[in-house]
Amino acid sequence: MLNNIKFFDTLSKDKKSFKPLSPGVVKAYACGPTVYSDPHIGNFRSFIVTDMLHRWLEYRGYNVQLIMNITDIDDKTIRDSILNKIPIKEFTLKYTKSFLRGLDLLNIKRAIAYPRATVYIPQMITFIQALLDKNVAYLTEDGVYFDIDKFPEYGKLSGIKLSETQITDRVKKDEYEKESVQDFALWKKSTLEEDNRSKNEEGIAWDASFIYNGAQISMRGRPGWHIECSVMTRSLLGDTLDIHAGGEDLVFPHHENEIAQTECLTGKLFVRNWLHIRHLMINGKKMSKSLGNFVSFDEVLSKYNADAFRYFYLNTHYRRPLDYTEDAMIVATNSVKKLENTLNLAEATLRGEENKLDYDQEEEKIIKQIENQKLSFETAMDDDLDSHTAIESLHNISGLINDYLSKNINKGVLLKVYLIYKKLLDSLGFFQKRESIGDELTQNLVNVVIDLRNEYRRNKNYEKADALRKKLASLGIILLDNAEGTIWKKEN
RNA sequence: GCCGGGUUGGCUGAGCGGUUUAGGCGGCUGCCUGCAGAGCAGCUCUACGGGGGUUCGAAUCCCUCGCCCGGCUCCA
């Protein structure tokens, strides 16, 4: 594994050479969704970037153990399941499925697990008890809290200085019984309403008992948000993660709190590389439900395909602002189509006749040029996942292959450069669901129709020739005439 | 109030002191075509939020002002 991957690490605020703890294996964790509504296109920026990270590490030969959590218990899942009059388990399952469907539609490679918070309640209780035992947490009437004064490094990730931080309305409105407003909940005692509801409904409250100051105290309730990730990362990946990724909004307080909990418990470094993804904007503004500029995932995919969408996301570096606009999507659609056309042309040509068996300067030149572009691509990706520069190389390769295709080609050489191109596209997750061109019989049948049409064309019977082309098009088979003859591709 | 990011041609989006006005998209012309599509070749757009300054030279460094985005307790 001779490479020099570097990632920008939020903690050190610098690009760092990436070296996993165990050679060849990457333990990675990305914060997933809270399943209380359909995911929107903003959420998918971080999921696509995580997918790119996943694919790139695999391209570089790592065994990537990626975990993405699903938060299926919190204030919003409780609130909205009541509003919708659906049992919480059914409610969260619905949106978990919606999330997974989105991953598939966008060709996002699956993580090895999508653990749900509610499955890890016993481990959370154990974790919280351990923090109480270490005297870094305390128990009050309404919950268990982490005492941030016990963790002197608190703030090291976000750079936040609590003394200079404004106490916002949200903090002021906090009604919990905490010693300090900055402390955060590890366990929340159920409200009366939740308690009643939980008598005939699973997934809202759990029995727990904690030993505090020598006394055993029962407290039916639910975990705080931050403890989920600390517990699931530890249960599935161990004390130290190579990479922890998520949206930029999670830096504070979520990830800051995860560090505090986990490092207090284990005494070890929690995460070696923190990777945060910038939020998506829309028409220059923050995307939010309250502003009414919220775009659903299905709405976008009804207008633009998954590859256009992926191109839109990856054409800008993941730490740069990205603005969703119609213009940007049109540019992405056209640009990605151009990259795909090269695949279509090369594949059609590879299906065609052999017409050059020699290897001369032309062949030597294109192989060398494409190897160089491949190197630029890899260098860019190694440099903190610079997908924008990598895509530039893809355009260069596309142009080189197109140029070669316009000449007398050697199929062996074409196949060689085609496979390089395909592999690089694959590493960014492009064109994962290309239409199959069918079996041999289908191909032969299409060729029969093409021959027939070309006979009509030779006889200048263009009406019949066009009618055949139209009929094939209705089956998704697109004919392209060029100087050497007719080639075809499959479209859906 | 405190902290961080951004502001580039018709669009998208690099560049972070000096070989070409990066690429890509779009538009135009030519080649190829019965038409269409794709491809190729060439052309077009000479832009860097405003104002100062440093420098032989600034999109790039410094100051200042404006606007936008994000974080400041549960939002990817």
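Within every chain, numbering begins at 1; the chains are lettered A, B, ... in the order of the sequence lines, protein sequences first and strands thereafter.
Judged as a salt bridge (Lys or Arg N to Asp or Glu O under 4.0 Å), the pairs with a partner in residues 370-382 of chain A (not counting sequence neighbours) are, in order, A:R60-A:D382, A:K374-A:E378.
Of the candidate nucleotides B:rG24, B:rA38, B:rC35, B:rG24 has the atom lying nearest to any side-chain atom of A:H395. When distances are taken from the side chain of A:R278 to each of B:rA76, B:rG4, B:rC25, the shortest belongs to B:rG4. Checked against B:rG6, B:rG24, B:rG71, the side chain of A:Y311 finds its nearest nucleotide in B:rG24. Checking B:rC25, B:rG71, B:rA76 against the side-chain heavy atoms of A:N43 singles out B:rA76 as nearest. Minimum atom distance to the side chain of A:R45 is reached by B:rA76, of the listed B:rG71, B:rG6, B:rA76. Closest contact between the side chain of A:K338 and the listed nucleotides B:rG39, B:rG6, B:rC72 involves B:rG39. In this structure, of B:rG39, B:rC11, B:rG34, it is B:rC11 that holds the atom nearest to the side chain of A:D327. In the set B:rA76, B:rC35, B:rG23, the nucleotide with an atom closest to the side chain of A:H388 is B:rG23. The nucleotide whose nearest atom lies closest to any side-chain atom of A:S46 is, among B:rA76, B:rC35, B:rC25, B:rA76. For A:S335, taking side-chain heavy atoms from C-beta onward, the closest of the listed nucleotides B:rA76, B:rG24, B:rG71 is B:rG24.
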Dot-bracket for RNA chain B, 5' to 3', Watson-Crick and G-U pairs with both distances under 3.5 Å, [ ] for crossing pairs, | for partner on another strand, reads (((((((..(((.....[....)))((((((.......))))))....(((((..]....))))))))))))....
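Contact annotation for A:T34: backbone-only contact, meaning every heavy-atom pair under 4.0 Å involves sugar-phosphate atoms and none involves a base. Residue-level contact check: A:G246 touches the backbone only, with heavy atoms under 4.0 Å from sugar-phosphate atoms and none from bases. Using a 4.0 Å heavy-atom criterion, one finds that A:G32 contacts the sugar-phosphate atoms exclusively. The residue A:L405 sits apart from the nucleic acid: no heavy atom pair falls under 4.0 Å. Within 4.0 Å of A:H317, counting heavy atoms only, lie sugar-phosphate atoms of the nucleic acid but no base atom. Base engagement by A:R453 is indicated by at least one non-hydrogen atom pair under 4.0 Å involving a base atom. When heavy atoms are screened at a 4.0 angstrom cut-off, A:I487 is found touching no nucleic acid atom at all. Counting non-hydrogen atoms under 4.0 angstrom, A:L314 reaches nothing in the nucleic acid. Note on A:E248: only backbone sugar-phosphate atoms sit closer than 4.0 angstrom, heavy atoms only; bases stay farther off.
For the salt bridge (charged side-chain N to carboxylate O under 4.0 Å, His left out) with A:D384, the qualifying choice from A:K6, A:K15, A:R319 is A:R319, the only one to do so. Across A:Y95, A:F44, A:F47, a single residue satisfies side chain to side chain contact (heavy atoms under 4.5 Å, CB included) together with A:P33, and that is A:F47.
Between A:Y304 and A:F309, the ring centre distance reaches or exceeds 6.0 Å. The aromatic ring centres of A:H226 and A:H254 sit less than 6.0 Å apart.
The shortest distance between the side-chain N/O atoms of A:R457 and the OP1/OP2 oxygens of B:rU33 is not below 4.0 Å. Between A:N402 and B:rC40 there is a side-chain N or O to OP1 or OP2 distance below 4.0 Å. In this structure, A:N334 does not reach the B:rG24 phosphate: none of its side-chain N or O atoms is under 4.0 Å from OP1 or OP2. Distances shorter than 4.0 Å separate none of the side-chain N or O atoms of A:T389 from OP1 or OP2 on B:rA14. At B:rC69, one or more side-chain N or O atoms of A:K285 fall inside 4.0 Å of OP1 or OP2 (strictly under the cut-off). Considering only side-chain N and O atoms, A:R320 lies under 4.0 angstrom from the phosphate OP1 or OP2 of B:rU7.
If you check distances only, the side chain of A:D481 does reach the base of B:rC35 with a donor-acceptor pair under 3.5 Å. For B:rC35, its base sits under 3.5 Å from the side chain of A:R469 at one donor and acceptor pair at least.
A heavy-atom distance below 4.5 Å is found between the side chains of A:I366 and A:V413. At a threshold of 4.5 Å between non-hydrogen side-chain atoms, the residues A:W187 and A:M219 count as touching. Contact check for A:Y404 versus A:E362: side-chain heavy atoms found under the 4.5 Å cut-off.
If you find the closest nucleotide of RNA chain B to A:F184 and to A:G247, the one lying nearer the 5' end belongs to A:F184.
The cationic group of A:R469 does not satisfy the cation-pi geometry with A:W488, failing either the under 6.0 Å distance to the six-membered ring centre or the 45° limit from the ring axis.
Across the protein-nucleic acid pair, A:L480 atom CG and B:rC40 atom P stand 14 Å apart, rounded to whole Å. A:K460 places its NZ atom 7 Å from the C1' atom of B:rG34, with the value rounded to the nearest Å. As a whole-Å value, the separation of A:D466 CG from B:rG37 C1' is 12 Å. At whole-Å resolution of the value, CG in A:N69 and C1' in B:rA76 are 11 Å apart. For the pair A:L157 CG and B:rG71 C1', the computed distance is 12 Å after rounding to whole Å. With rounding to whole Å, A:D403 atom CG is found 13 Å from B:rG39 atom P. As a whole-Å value, the separation of A:D249 CG from B:rC72 C1' is 13 Å. For the pair A:H276 NE2 and B:rC69 P, the computed distance is 22 Å after rounding to whole Å.
The number of heavy atoms from other shown groups lying within 6.0 Å of CZ (A:R116) does not exceed 12.
When the P atom is compared between B:rA76 and B:rG13, the two are found 24 Å apart, to the nearest whole Å. Here the separation of B:rU54 from B:rC61, taken at their C1' atoms, is 8 Å to the nearest Å. B:rG1 and B:rU64 have their P atoms separated by 15 Å, given to the nearest Å. Atom name P, nucleotides B:rU20 and B:rG4: the rounded distance is 38 Å, in whole Å.
A salt bridge links A:D51 to A:R310: one of the charged nitrogens lies within less than 4.0 Å of a carboxylate oxygen.
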